[in-house]
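I have placed the structure first, in the form of structure tokens, so that the comments after it can refer back to it.
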Amino acid sequence: MAEPALVLASASPRRHELLARIVDSFDIVSTDVDETPLLDEEPTAMVERLAISKAEAGAAARTDAVVLGADTTVALDGQAIGKPVDPADARRILQALSGRTHEVHTAVAMAAPARPTVVRTVTAAVTFADLGAEEIDWYVATGEPMGKAGAYAIQGAGAVLVERVVGDPSTVIGLPMRAVSRLLGAR
């Protein structure tokens with residue numbers, strides 16, 4: 001019997017690129033999941049809930065497939081930091097992260113036919129350099145912070161903001177490769 005098809009329930013080009021490094025073939029389905037945090041929801045609980053919701057929404061659309069869903073958030077002092085709403089918000093977020101260590105949590109969930117959904121969460125610690133106003137203004141002007149949790153993309157120009165990453169860098173990009181590989185090995 002052939003293995004079921006693999007589907008990535010994500011519109012993120014970064015997740016597509018990462019998954020393509022370890023899987024020869026997969027389909028993409030975009031899911032419409034409300035990403036609004038619940039009241040007093042812990043960052044790891046939030047990414048797990050959203051990854052599961054995305055995987056299960058994708059599985060409902062593709063009942064013949066193994067579906068991966070993922071979600072990432074940046075957390076500072078235990079509070080989730082979402083995507084900036086505008087350039088001023090991006091500046092505020094980057095100023096808050098400047099010179100500090102924050103956590104990036106990425107959950108990946110796998111929904112497969114006739115199996116319970118499985119979720120794994122991976123965390124990396126990211127330390128930012130002390131950022132001056134000019135550096136923050138330059139980075140915000142690139143447009144890269146928009147649409148990114150924590151207002152930066154470590155795989156892009158945002159790499160210049162980062163002094164150190166402890167943990168899997170693919171977690172920060174949005175798809176923890178080791179966790180995905182292990183989940184797929186179990187299918």
Side-chain angles (χ1 to χ4, degrees), residues 8-19 21 31 33-54 68-109 119-180:
L8 178 62
S10 176
S12 165
R14 293 162 303 284
R15 288 191 179 115
H16 302 171
E17 292 168 13
L18 288 170
L19 187 58
R21 293 179 188 175
T31 57
V33 172
D34 181 0
E35 296 188 9
T36 306
L38 302 176
L39 186 63
D40 297 325
E41 188 173 33
E42 295 289 324
T44 55
M46 180 184 73
V47 294
E48 288 173 0
R49 175 180 59 81
L50 292 173
I52 291 168
S53 294
K54 292 172 185 179
L68 293 177
D71 195 71
T72 301
T73 196
V74 169
L76 182 64
D77 299 328
Q79 298 297 311
I81 298 175
K83 300 170 184 174
V85 295
D86 58 29
D89 192 33
R91 280 185 194 84
R92 178 193 63 75
I93 292 169
L94 294 168
Q95 287 169 342
L97 297 176
S98 175
R100 300 192 59 200
T101 299
H102 61 274
E103 294 179 321
V104 179
H105 306 287
T106 297
V108 61
V119 65
R120 300 286 182 265
T121 302
V122 182
T123 299
V126 179
T127 302
F128 263 29
D130 286 317
L131 307 176
E134 284 183 17
E135 190 170 19
I136 290 172
D137 288 343
W138 163 80
Y139 184 60
V140 171
T142 69
E144 192 174 83
M146 304 313 297
K148 310 287 188 306
Y152 73 97
I154 197 169
Q155 73 279 11
V160 303
L161 311 176
V162 176
E163 279 190 355
R164 176 175 56 255
V165 176
V166 177
D168 180 354
S170 66
T171 298
V172 183
I173 299 170
L175 196 67
M177 301 296 284
R178 179 76 179 141
V180 169

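Side chains included, hydrogens not; waters and symmetry mates left out as well; all remaining heavy atoms used.
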Do Leu175 and Arg14 have side chains that get closer than 4.5 Å, going by heavy atoms? no
Test your reading of the model: is there a side-chain donor-acceptor pair from Thr106 to the backbone of Thr171, 3.5 Å cut-off? yes
Restricting to pairs with a member in residues 155-174, which pass salt bridge (Lys or Arg N to Asp or Glu O under 4.0 Å), not counting sequence neighbours? none
For residues Glu35 and Lys54, determine if any side-chain heavy atom of one lies less than 4.5 Å from a side-chain heavy atom of the other. yes
With sequence neighbours excluded, what pairs up with Arg21 under the side-chain hydrogen bond (donor to acceptor under 3.5 Å, both in side chains) test? none
Check Ala107 against Val47 and note the closest heavy-atom contact, atom names and distance. CB-O, 3.4 Å
Looking at Ser53 and Arg49, would you say the former's side chain and the latter's main chain have a donor-acceptor pair under 3.5 Å? yes
Got a sec, which pairs hit salt bridge (Lys or Arg N to Asp or Glu O under 4.0 Å) with one end in residues 98-107, sequence neighbours left out? Asp77-Arg100
Where the side chain of Arg91 meets the backbone of Asp137, is there a donor-acceptor pair that is under 3.5 Å apart? no
Looking only at heavy atoms, what is the nearest atom pair of Ala80 and Met46, with distance? CB-CE, 4.0 Å
Is Ser170 reaching over with its side chain to a backbone N or O of Met177, donor-acceptor style, under 3.5 angstrom? yes
Please identify each residue that fulfils side chain to side chain contact (heavy atoms under 4.5 Å, CB included) with Ala179, with sequence neighbours left out. Val108, Arg120, Val122, Pro176
So, applying side-chain contact (heavy atoms from CB on, under 4.5 Å) with Ile136, which one of Ile93, Leu94, Leu161 is it? Leu94
Could you pull out the closest heavy-atom pair between Pro145 and Pro84, with the gap in Å? O-CG, 3.3 Å
May I have all residue pairs that pass side chain to side chain donor-acceptor pair (under 3.5 Å) and include part of residues 79-90, sequence neighbours excluded? Asp89-Arg92
Determine which pairs satisfy side chain to side chain donor-acceptor pair (under 3.5 Å) with at least one residue from residues 142-154, sequence neighbours left out, and list them in order. His102-Tyr152, Tyr139-Glu144
